[in-house]
Structures are given as C-alpha cells and as structure tokens.
Amino acid sequence: MSIVKTYLPKEAEEKWYSYWLENNFFKSVPDDREPYTIVMPPPNVTGVLHMGHMLNNTIQDVLIRRARMKGKNACWVPGTDHASIATEAKVVAMLKEKGISKKDLSRAEFLDYAWEWKEKYGGIILDQLKKLGASCDWDRTRFTMDDDLSEAVIDTFIHLYKKGLIYRGIRMVNWDPQGKTAVSDEEVIRKEVNQKLYYIRYAVVRDELSVMSESVATHHSPLNSRYLTIATTRPETIMADAAICINPNDGRYLHMHGKKVFIPLINREIPVILDEYVTMDFGTGCLKVTPAHDLNDYELGQKHNLPVIDILNDDGTLNAKAQILVGEDRFAARKKIAVMLEEAGVLEKVEEYKSQVGFSERTNAVIEPKLSMQWFCKMEDMAKPALDYVLNGEIKLIPEKFINTYRHWMENVKDWCISRQLWWGQQIPAWYLPNGQYVIAKTVEEALEQAKQLSGNSQLTIHDLTQEEDVVDTWFSSWLWPISVFDGFKDPNNADINYYYPTNDLVTAPEILFFWVARMIMAGHEFRGKIPFENVYLTGIVRDKQGRKMSKSLGNSPDPLDLIEKYGADGVRVGMLLSSPAGNDLMFDEGHCEQGRNFYNKVWNAFRLVKGWEVDEKLENPNQVAINWFESRFNQALTEIEDTFAQYRLSEALMATYKLVWDDFCAWYLEMIKPAYLQPIDRETYNRTIEFFSKILKLLHPFIPFITEELWHDDLFGERKAFDCCIVAQLPNSGEINPRLLADVENVKQVITQIRNIRNNKQISPKEALPLSVRTASGIDYLSYKAILTKLANLSELVLVTDKLSGASNFLVSTDEFYVPLSETIDPVAEQERLQKEKDYLTGFLKSVNAKLTNEKFMANAKPEVIEAEQKKRADAEAKLKIIEEGLAGLAS
RNA sequence: GGGAGUUUAGCUCAGCUGGUUCAGAGCAUCUGCCUUACAAGCAGAGGGUCACUGGUUCGAACCCAGUAACUCCCA
C-alpha cells in the first residue's frame with residue numbers, strides 16, 4: 001500500500017471520530033476497573049467555542065485518553081449550563097428583533113420561546129468540541145435545567161431552608177437597571193472612568209446657638225460656617241441624603257458638631273453626624289450619607305439609625321420620593337441637577353475625577369447599589385469544611401499558589417445572594433400568602449397545606465398563593481453539577497454515583513475558583529459528605545500576543561474551527577498545550593499550531609520511511625547497538641513523561657514526548673539504522689523498529705489522537721482485530737534503562753556533531769568520507785560504536801591511536817581526543833587561538849572549583865555528594881587541560 | 001487603600017531541596033544544504049547584568065528586606 005506524501009487531517013478526523021463513537025470507546029459504565037472521572041465545566045448553552053474552551057477541553061481530553069490507555073474506566077461527562085442571565089438576555093434580544101417585548105409576554109410564553117431557542121442553538125458548542133476530538137461519553141450529556149437537575153436544585157433549596165441556611169432579607173445588591181435584576185459581585189466589572197466631582201453647599205440650619213458659635217468659628221476657621229461643602233460624583237442622589245458625616249477628629253469642623261443642614265433644592269433638614277469612617281483628606285472632608293444608594297453609606301446609616309430614602313425606580317429613573325426630576329433617568333438627572341444647583345448658587349466647583357465604576361458583565365449598564373428583598377444562603381458554616389479540604393490537601397489545587405487566594409476568600413466569605421429577577425432558571429419554591437407570609441414547598445399542593453397551618457385558615461385555596469417570581473442564581477444549580485450528573489440527588493445510592501464520585505480531576509479557569517469550585521466543594525460536603533474531586537487543574541486565560549484577553553468583542557480571537565481547518569485538530573491540540581503551564585495565562589500564538597502541524601507531519605514522514613523498507617531475511621542485524629540505545633532512551637523518556645504527568649506539567653510532558661520522537665527517534669535512531677537508498681533491511685531491525693513505532697504512537701495518542709489512530713491501522717503493524725484501536729491500546733510500561741549506554745551514545749553524538757562541524761567549517765561535502773583517529777582516556781569503547789559513527793559522520797576509517805597526531809584537525813569530547821587528518825594543512829595560528837581560548841576557559845573554571853575545594857567552610861558545610869562532584873570536576877578539568885597544553889606545545893615545536 | 005501573583009534569550013516558558021561544565025528548552029534569527037521519509041525538512045551557529053538595590057551564606061536565578069513595572073482579586 002502506497003502512502004500519500006502529506007497527511008490530510010480532515011478525512012482522518014471524521015473517519016476516526018465516528019469510528020470511536022460507533023464502537024462506544026467513549027462510553028463508560030461502572031465495572032471492576034478503577035474509575036477515572038472528569039465532569040466537564042459546562043459551557044454556557046448560548047456559547048460558541050472560544051479559545052478558552054479549546055485549552056480547557058484539550059487538557060481534559062489528554063487526561064481522559066491517558067487514563068483510558070492506562071486501563072482505567074475513563075468517564076468524561078459533558079453538558080451545558082443554562083446560564084440564566086446570558087441566555088435570558090439573548091432570548092430577549094432575539095424577541096426584540098421580532099418586535100416582541102418581554103413585558104408583553106407571560107412567564108410561560110417567554111419560557112416557551114427560551115426553550116425553543118435552547119433546542120435550536122444549545123447543542124452547537126458540544127458539536128464543536130467533537131471536532132477537537134473530545135472523547136466524552138455523550139450519552140451522559142446533561143443540561144443544568146434538565147428536569148432531574150432542576151428538581152435537585154429545588155430539593156437542595158428546601159433542604160438548606162429547613163436547616164436555616166436560607167433566609168430572605170433586605171440587602172444592598174448590585175442592581176442592573178437595564179436587565180432589571182440583581183447580579184452577584186462577581187458579575188460586576190469594575191472599570192476606571194472619568195467622572196466629575198461636584199462640590200455642593202448645604203446651608204446650615206441657623207439657630208441662636210449657631211449664630212454665637214459662628215462668630216467664634218470665623219476667628220478660627222477659614223471655612224464659612226453658614227454652609228458645609230460636600231464633594232460627590234452623584235449629585236442626583238442628594239435628595240436621598242440622610243445625613244452629612246464628618247470625622248470627629250477633623251479640627252476644621254468642630255463647630256459643626258450637633259448641627260443640622262438643609263439639602264439644597266428640596267430644603268429637607270438632615271443632621272451632621274460624626275464618624276471616623278470619613279477620610280479627612282478626601283474632597284472637603286464632609287461626606288453626604290445616602291443609605292439607599294451606596295453600600296458604605298448604607299452600613300453607616302445602619303450604625304447611626306438613619307432613614308433609608310430610595311429615590312430610584314428599578315429601571316434607574318427617579319421616583320416620587322426624589323421630589324424633583326421625577327421620572328428622569330439617573331444620568332439625565334445628574335446633568336440637570338448640576339444646572340439647577342448652579343442656578344441656585346450652591347455649586348461651588350466641579351473637578352475632573354477618576355474612579356472605579358461597576359458595570360454589569362451582561363448588559364454593560366452601570367451598576368446601581370440598591371436595597372431590595374432578596375434570598376440569601378448563609379456561607380460561613382459551609383465555607384469552613386470547604387476550606388479545610390484544600391488546606392489539608394484532600395483537594396489539591398494545581399498550581400498550589402491558588403491556595404492563598406482560596407483561603408483569603410473563604411475566610412472572608414459573605415452570604416450568597418441567590419435570587420435573580422429573571423424567568424430563565426429554577427423558580428424559587430416560595431409561596432406567598434395573601435397576608436405576605438410565605439412557605440417553602442416543592443409543590444403548590446404542599447405549599448397550600450403548610451399555608452393553611454401557618455395561617456390557621458383552612459379556607460385557603462391554591463389561588464390564594466402566589467409563587468416567588470425570582471429564579472435562583474445559575475451557580476446555585478452548577479454547584480451541584482458533579483453530583484447531579486450522576487443522579488446523586490434523585491437516587492443518592494445509585495451505582496453511578498457510588499462508582500464515579502468523588503471525581504478525579506476538575507479542569508477549569510481560576511476566575512471561577514470561588515463562585516464555582518469553592519461552592520462545589522461546599523455542596524459536595526453538604527450533600528454527600530465527600531469532596532467532589534481530588535485535583536483542580538486551573539488553566540490560564542487565553543490572551544493574544546499583546547496580552548489582551550481573547551474576546552469576541554475585541555475581535556482578537558481566532559475562530560477555533562478555522563484553526564482546526566487550517567492545522568488539523570491534532571495540530572491545534574499541540575498548539576494549545578505547547579505553552580500552557582497550569583495557572584499561568586497563555587499568550588496564544590498561531591505559530592504554536594503550526595508547530596503542532598509540523599510535528600505530526602514529522603511523524604507521518606517517519607512512518608513513510610519505515611513503510612518503504614523491504615526486508616531481506618538473509619541479512620544480519622548490524623544495528624544491535626542502536627536498537628539497545630533507543631530502547632533505553634525510550635524507557636528513560638517514558639519515566640520522565642510519567643513523572644511530569646504526575647505533576648500535571650502537561651506542556652513539559654508534551655515537550656518530552658516531542659523531543660523523544662523528533663530528536664531521538666527521527667534524527668538519531670532512524671538515521672542510525674536507515675539502509676542505503678533502495679537497499680533492504682534485516683528482519684530484526686525492521687521488527688524492532690515497528691515495535692518502537694507502535695509504542696510511540698501510543699505515547700502520542702493522548703496529544704494527537706487522530707493521526708496516531710490513522711497510522712495504527714496501517715498494515716505495517718499487521719492485522720488489527722475489531723477493537724484493536726490506538727485509543728484503547730495500553731500505554732507501554734517502562735523497561736530497563738542502561739545509563740552507561742545512554743552516556744556513551746551522548747559522547748558518540750558529540751563526536752558526530754564535531755565532525756559535521758569540521759565539514760561545515762572546511763566546506764567538505766558530506767559525501768566525502770573522512771578518516772578518524774581516537775586517543776581515548778575515558779574508557780569508552782568507540783570501536784563498538786563504529787557502525788554508527790561510520791554511517792552518521794561518513795567515516796572512511798576509525799582507528800585507535802596512543803600518540804598524538806600532528807597536523808590533523810582535532811577536537812575533544814569529554815577527555816577523549818579525536819583527529820581528522822586532512823589533505824589541506826591546518827592553520828597553526830587559528831589552531832593556537834582556538835586551543836588558547838579553551839585553555840583560558842578551563843583555567844578559570846578550575847580556579848573557581850579549586851577555590852571551593854580549598855575553602856575550609858565549604859569543605860565543612862557542603863554535602864558530601866557536592867564535594868565529590870566538585871572533585872570530579874577538578875579531575876576532569878585537569879585532564880582536559882593537560883591535553884590542551886600538549887596540543888599547544890605540539891604547535892609551538 | 002488591602003491582598004495575591006508576575007518579572008530569566010527577540011517570543012513563550014522551564015529551572016523541583018541554594019551546590020552537575022547552571023544560566024536551559026521550544027520557537028524565531030543567522031550560515032550552509034532541494035543529501036529520494038520529511039524545505040511543514042536536514043546539518044551547524046549565535047544570542048541572557050536571571051527587573052533593580054542591599055542582606056544572609058563557603059556558595060544565590062533560587063532565601064530575606066526594600067524599590068520599580070505589569071496583572072488579577074477585594075474595597
């Protein structure tokens with residue numbers, strides 16, 4: 001069978017992916033084997049594949065494929081997240097395009113549209129993952145709003161409520177006036193914005209006492225005592241002011257203690273209060289306290305028993321309590337009130353000012369701190385065990401540096417606002433009675449029973465109850481993911497959950513360490529009494545070359561499917577892994593995908609070479625040394641690769657594999673054994689080489705699954721039985737390593753390199769065979785490597801000598817001297833220069849080694865093996881120096 | 001303002017307990033090669049004040065302190 005010159009990935013990818021699917025290689029059911037489980041962080045159902053997913057899922061697939069090839073029962077559970085805010089926003093936008101407003105729809109009608117949308121677009125991202133080669137058990141695909149999973153959410157809500165961990169309360173929340181919903185702290189993006197700082201005068205309420213103190217104050221204070229000036233970026237909220245606060249230690253305002261002032265324009269009287277919270281050197285040192293519209297002010301207000309005056313509607317317009325500018329949008333009102341203040345003569349000045357402003361991640365609207373009735377989940381008790389799991393190492397974070405961040409967050413955990421003013425999601429199972437009381441129940445029937453009891457009114461009917469409109473936060477469903485995908489709530493003792501849970505590895509982004517990973521750990525402890533996973537591999541953020549996060553809006557993200565088209569899935573996988581140390585951001589460079597493509601192309605061509613060989617059964621095997629060497633080298637590399645995988649250093653594992661294949665196998669081994677053009681090869685070398693190749697394919701498979709599967713089935717490897725596929729082949733075990741042989745060959749390689757160098761420098765054709773003489777001091781038996789040396793350095797002869805050879809080109813490898821007699825004469829000046837340079841270096845080196853060895857403190861403190869190493873260095877250097885000095889002497893004579 | 005992290009070759013990164021001829025890898029660059037597996041390649045080569053300053057130590061890229069720049073999280 002002839003083999004095409006260039007591998008065509010597309011065809012092979014489609015062929016083998018369907019083949020794997022048809023043969024159920026991705027499928028997992030509990031059995032006697034050890035399980036290896038990963039649950040996929042469910043991508044947003046609205047999402048399309050981006051580079052972050054590519055990285056994340058490539059890593060997961062490598063881990064899963066390796067586990068499968070190590071004989072474990074590998075199970076990778078895929079799925080999608082309903083992503084309430086993002087999806088609802090998309091559906092609203094889609095409806096808007098059709099001319100439908102959400103306001104005009106009932107909840108049920110809206111949800112019909114949303115489900116329709118989900119059915120249509122919801123699976124796209126999972127199909128895209130298939131192109132990457134993701135070997136998920138697709139039969140297990142779950143969606144966070146599947147009936148079972150939603151039921152689990154409701155059940156856990158009720159469970160936690162009964163435990164007293166869920167409560168309802170008025171809180172300051174991040175309000176998105178555009179989405180008209182509360183959003184979590186994590187969904188608020190803070191950006192520095194140029195703002196204006198308005199200095200506004202509040203007139204002091206005058207009484208007799210103040211007239212007296214005023215005359216005193218004017219002597220001591222440069223400030224006018226007829227008014228206080230405050231600085232604010234939000235003049236439109238002055239109507240909601242409850243007090244002016246000054247620092248009790250602020251000497252400038254002593255005369256204001258106990259006074260009252262008028263809010264400009266509306267002339268409402270508010271007190272001047274004292275609190276050390278106020279920063280004296282910011283603005284004027286006077287702070288307007290607006291409890292309804294600022295978190296810190298709210299807390300200050302609570303402390304001083306100030307009234308809460310909320311002047312904003314849900315959509316960000318001013319309400320009747322504002323008295324003025326009613327119905328205006330907050331930003332329009334800001335401009336207008338500035339003019340009004342100016343006209344009233346109370347606007348002292350306006351300064352430019354930079355400050356952090358929160359924006360909604362989803363709608364990009366400026367977040368409004370707002371008091372509202374929300375549902376909360378107490379975190380403190382749940383955080384404690386979740387922190388311990390990580391601190392005591394039961395759950396490992398990779399890399400470990402995230403432990404600090406994790407601890408910091410868990411020790412300062414705040415209660416979780418779990419309600420969202422949305423329709424897409426699990427509706428909170430709370431039912432309100434006509435009198436405002438509420439009950440928590442799974443069904444309206446149960447709710448009615450409870451309501452009757454609670455109210456003592458047996459006449460109540462279902463129609464008297466209204467269910468809470470809000471849904472729970474998306475994370476309130478995804479924190480159950482590792483349990484709910486195995487039906488651990490519906491059927492807590494089923495075979496799947498008992499077998500697969502706790503899962504092994506979780507691969508996710510550090511940015512959701514807190515709101516997802518930490519909460520899964522809490523849920524695992526709360527609902528199973530066990531950790532949800534053992535290792536958390538945190539990937540970095542994929543950035544472009546300028547260090548910017550790759551995003552659709554910036555347009556700096558390549559389309560992953562285009563990349564796959566261009567470089568093949570295998571190439572892209574290698575590209576993603578080449579520079580992705582755990583936890584560090586990845587500067588994505590398309591060049592890496594190209595490198596990946598070049599790599600599998602190299603594998604392809606190595607295969608073509610071997611494929612083309614004809615065996616002559618009569619030939620002796622001249623390659624035993626090369627075979628022994630590569631076998632040793634392979635086993636050595638295998639150990640390294642195992643080790644790096646154990647430490648989750650995936651890039652390093654890939655690089656070790658890459659070098660084993662490209663350098664050791666292709667550049668050295670195949671060159672060593674390769675017969676001359678059109679010449680046959682001996683049976684043993686041929687068989688051993690095919691065996692090596694097959695081991696290499698297995699080693700490569702987790703990284704580049706498609707081409708390895710393609711080659712695996714070539715008849716070069718003989719007849720394959722039906723299920724004999726690379727994807728389920730067992731990884732080779734490490735065998736014997738011969739360190740002496742490995743070290744010798746390193747020297748032999750150096751000799752070859754040196755001779756190639758001489759050719760390069762002297763413009764000698766590789767076709768011209770050269771004689772080589774060796775004067776050895778190291779004890780390496782170069783004659784046993786004669787075949788390799790002859791072939792790779794193109795030697796005409798290799799002889800051992802005991803005396804120096806003058807007039808020949810020479811070089812030193814270790815302490816062995818090599819001579820290449822050349823027809824042209826050596827330039828003695830250049831030769832002397834070269835030797836002198838080497839001598840200088842060695843002398844300096846020897847000096848530093850000697851400095852250590854004659855240093856009493858070094859000899860007293862250093863470990864014995866370190867001293868031994870230094871002594872060996874000295875001996876080697878001295879030996880080399882001696883040879884060089886001889887050479888110099890020879891030139892001089 | 002508080003906390004965390006990063007800074008090593010042109011680029012992306014290793015450097016694990018302070019001690020190998022320790023300053024490394026891959027890519028990129030340069031030089032020479034279309035040598036019938038592979039120019040998506042082969043054979044070679046060059047390239048770094050380990051951010052800066054000080055300290056600890058026989059010995060520091062590594063430990064400590066300070067400084068600077070960048071990134072992230074919290075306020």
Side-chain angles (χ1 to χ4, degrees), chain A residues 3 5-7 185-186 190 279 282 295-296 356 358 399 401-409 411-412 414 510-511 513-514 540-541 543 545 547 549 567 571 578-581 583-589 591-592 594-613 643-644 647 649 651-652 654-656 658-659 662-663 666-667 670-671 674 676-678 752-761 763 765-767 792 794 814 841-842 844-846 848-849 851-863 865-870 872-873 876-877 880:
Chain A
I3 182 158
K5 192 172 174 190
T6 309
Y7 167 66
D185 289 348
E186 291 80 7
R190 291 191 167 72
T279 314
F282 179 79
L295 179 60
N296 295 313
Q356 297 278 320
K401 69 177 178 185
F402 285 107
I403 294 175
N404 279 341
T405 330
Y406 182 82
R407 178 171 53 205
H408 189 255
W409 192 74
E411 283 174 350
N412 298 287
K414 284 185 239 154
E511 45 196 356
L513 180 60
F514 307 133
I541 295 167
R543 298 177 179 279
K545 276 183 172 173
K549 188 174 175 172
Y567 302 104
L578 268 177
S579 71
S580 58
N584 281 347
D585 288 357
L586 177 152
M587 302 293 166
F588 181 76
D589 182 349
H592 288 140
E594 196 182 336
Q595 197 183 342
R597 181 201 60 183
N598 293 355
F599 178 53
Y600 67 62
N601 185 243
K602 184 74 185 175
V603 175
W604 184 257
N605 279 301
F607 184 82
R608 286 178 59 220
L609 173 69
V610 177
K611 179 81 181 165
W613 289 338
D643 190 52
T644 45
Q647 297 176 64
R649 295 161 172 258
S651 320
E652 280 178 51
L654 171 59
M655 192 42 72
Y658 178 98
K659 284 197 261 189
W662 198 309
D663 298 343
C666 296
L670 289 179
E671 293 300 329
K674 183 168 139 183
Y677 183 55
L678 289 179
I752 293 163
T753 301
Q754 291 281 13
I755 292 171
R756 284 171 178 168
N757 244 330
I758 290 174
R759 284 186 198 278
N760 254 341
N761 291 337
Q763 310 268 323
S765 157
K767 284 173 183 156
L792 298 191
N794 192 16
S814 177
Y841 170 77
L842 277 171
F845 173 70
L846 196 56
S848 79
V849 174
K852 283 188 199 175
L853 288 169
T854 53
N855 182 324
E856 275 175 40
K857 287 192 176 170
F858 173 77
M859 297 304 282
N861 295 326
K863 283 178 266 179
E865 58 266 32
V866 173
I867 294 176
E868 208 174 301
E870 292 297 320
K872 186 171 183 310
K873 279 194 234 169
D876 285 356
K880 276 192 179 184

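Below, chains carry the letters A, B, ... as their sequence lines are ordered, and counting in each starts from 1.
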Regarding the side chain of Asn601(A), the nearest nucleotide among A40(B), G26(B), G44(B) is A40(B)
| If you look at every strand shown and take non-hydrogen atoms under 4.0 Å, does Ser765(A) touch a base, only sugar-phosphate, or nothing? | nothing
Should Asn404(A) be listed as having a side-chain N or O under 4.0 Å from OP1 or OP2 of G5(B)?
yes
The nucleotide from G44(B), C38(B), A4(B) with an atom nearest the side chain of Lys5(A) is C38(B)
**Study point:** Donor/acceptor link under 3.5 angstrom from Glu671(A) side chain onto base of A37(B)
**Key:** yes
- Task: Would you mind classifying the nucleic acid contact of Ala862(A) as base, sugar-phosphate or nothing, using non-hydrogen atoms under 4.0 angstrom?
- Result: base
From CD of Gln647(A) across to P of G15(B) the rounded distance in Å is 9 Å
Of the candidates A25(B), G44(B), A40(B), the side chain of Arg597(A) sits closest to A40(B)
Assert: residue with more 5' nearest nucleotide on RNA chain B, out of Ala606(A) and Met655(A), is Met655(A)
key: Any Lys414(A) side-chain nitrogen or oxygen under 4.0 Å from OP1 or OP2 of A75(B)   = yes
Counting only heavy atoms from other residues, nucleotides and ligands, does the tally under 6.0 Å from CD of Glu856(A) exceed 12?
no
* Counting any heavy atom closer than 4.0 Å, what does Glu868(A) reach on the DNA or RNA strands: base, sugar-phosphate only, or nothing? -> nothing
Residues passing the ring-ring contact (aromatic ring centres under 6.0 Å, His included) test with Phe845(A), sequence neighbours excluded, are none
Taking G26(B), A75(B), C42(B) as options, the one with an atom nearest any side-chain atom of Lys602(A) is C42(B)
Here the gap from Leu846(A) atom CG to Leu853(A) atom CG, rounded to the nearest 0.5 Å, amounts to 9.5 Å
Does a side-chain N or O of Trp662(A) approach OP1 or OP2 of C42(B) to a distance below 4.0 Å, or not? yes
In whole angstroms, the gap separating C1' of G32(B) from CZ of Arg759(A) amounts to 14 Å
Arg608(A) and Lys5(A), any side-chain heavy atoms less than 4.5 Å apart: yes
Separation of A45(B) atom P from Arg756(A) atom CZ, nearest Å, is 11 Å
Whole-Å distance, Leu792(A) CG to A43(B) P, equals 10 Å
Considering only heavy side-chain atoms of Asn757(A), the closest of G44(B), C58(B), G19(B) is G44(B)
Residues Tyr406(A) and Phe514(A): closest non-hydrogen pair is CA-CE2, 3.8 Å
Atom CD of Glu594(A) and atom P of G26(B) are separated, to the nearest Å, by 17 Å
When rounded to whole Å, the CD to P distance for the pair Gln595(A) and A40(B) reads 15 Å
- Message: Tell me if the CD atom of Glu671(A) is crowded by more than 12 foreign heavy atoms within 6.0 Å.
- Response: yes
**OP:** Could you tell me whether the side chains of Asn598(A) and Glu594(A) share a donor-acceptor contact shorter than 3.5 Å?
**Re:** no
Closest to the side chain of Arg608(A), out of C16(B), C38(B), G44(B), is C38(B)
Closest of G19(B), A37(B), A45(B) to the Leu609(A) side chain is A37(B)
Checklist line | pair Met655(A)-Leu578(A): side-chain heavy atoms closer than 4.5 Å | finding: yes
Out of A43(B), G15(B), G26(B), minimum distance to the side chain of Arg649(A) belongs to G15(B)
Q. Between Thr753(A) and G44(B), does any side-chain N or O lie under 4.0 Å from OP1 or OP2?
A. yes
Every stem of 3 or more Watson-Crick or G-U pairs under 3.5 Å that RNA chain B joins, in order of first number, is B:1-7 with B:68-74, B:10-13 with B:24-27, B:29-33 with B:41-45, B:51-55 with B:63-67
If the cut-off is 4.0 Å, is Asn598(A) near the phosphate of G41(B), judged by side-chain N/O to OP1 or OP2? yes
Sorted by position of nearest nucleotide on RNA chain B, 5' first, the leading residue of Gln754(A) and Val610(A) is Val610(A)
Quick note, Tyr658(A) side chain, CB onward, closest among C73(B), A4(B), G26(B) is G26(B)
Separation of A4(B) atom P from Phe514(A) atom CZ, nearest Å, is 13 Å
Ion pair Lys880(A)/Asp876(A), N-O distance below 4.0 Å: no
Does Gly571(A) offer a backbone N or O that forms a donor-acceptor pair with the side chain of Arg597(A) under 3.5 Å? no
Which of A37(B), A25(B), A4(B) is nearest the side chain of Leu670(A)? It is A37(B)
| request: For Lys659(A), report the nucleic acid contact type (base, sugar-phosphate, nothing); a contact means any heavy atom under 4.0 Å. | output: sugar-phosphate
ask   = Touch check for Ile867(A), heavy atoms < 4.0 angstrom, all strands: base, sugar-phosphate only, or nothing?
value = nothing
Separation of C34(B) atom C1' from Asn605(A) atom CG, nearest Å, is 15 Å
